[in-house]
Amino acid sequence: MLVCVSVALGSVLNTWIKAKHGYPVTGENGNTVHRTDPDAGRKIDLLSSENEKLNGRISRLEERIAVLERIATDPALRTAREIDALR
């Protein structure tokens, strides 16, 4: 019985040391158990917010490029008329 308790205690201690020092911990079936990041939700929210800002910026830049392409490819007379109409 002492051997079983020693093996169990050794296994628990070994797993604790691995987890504390960042080594991969394996479960009962031999698969790696990943530690959860306590700040994962906050990081996801920050990345989602940044992603929305960047998507908005890309949309605005695409619109500006489309206008510049139209100006570059339209005949000069039509562009001049549109500019005069805006004045």
A.B. asks: Hey, what do you get for CZ (Arg81) to CD1 (Ile83), rounding to the nearest 0.5 Å?
C.D. replies: 12.0 Å
A.B. asks: I'd like to check Arg78 versus Arg70 (side-chain heavy atoms, cut-off strictly below 4.5 Å). Are they in contact?
C.D. replies: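 They are not in side-chain contact.
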A.B. asks: Report the C-alpha separation of Val67 and Glu63 in whole Å, then their side-chain angles, then the decisive distance to 0.1 Å, and conclude whether the side-chain contact (heavy atoms from CB on, under 4.5 Å) test is met.
C.D. replies: CA-CA 6 Å; Val67 169; Glu63 290 171 6; 5.8 Å; no
A.B. asks: Which pairs of donor and acceptor atoms, one on a side chain in residues 44-53, lie under 3.5 Å apart (sequence neighbours left out)?
C.D. replies:
{"unit_1": "Ser48", "atom_1": "OG", "unit_2": "Ile44", "atom_2": "O", "d": "2.9"}

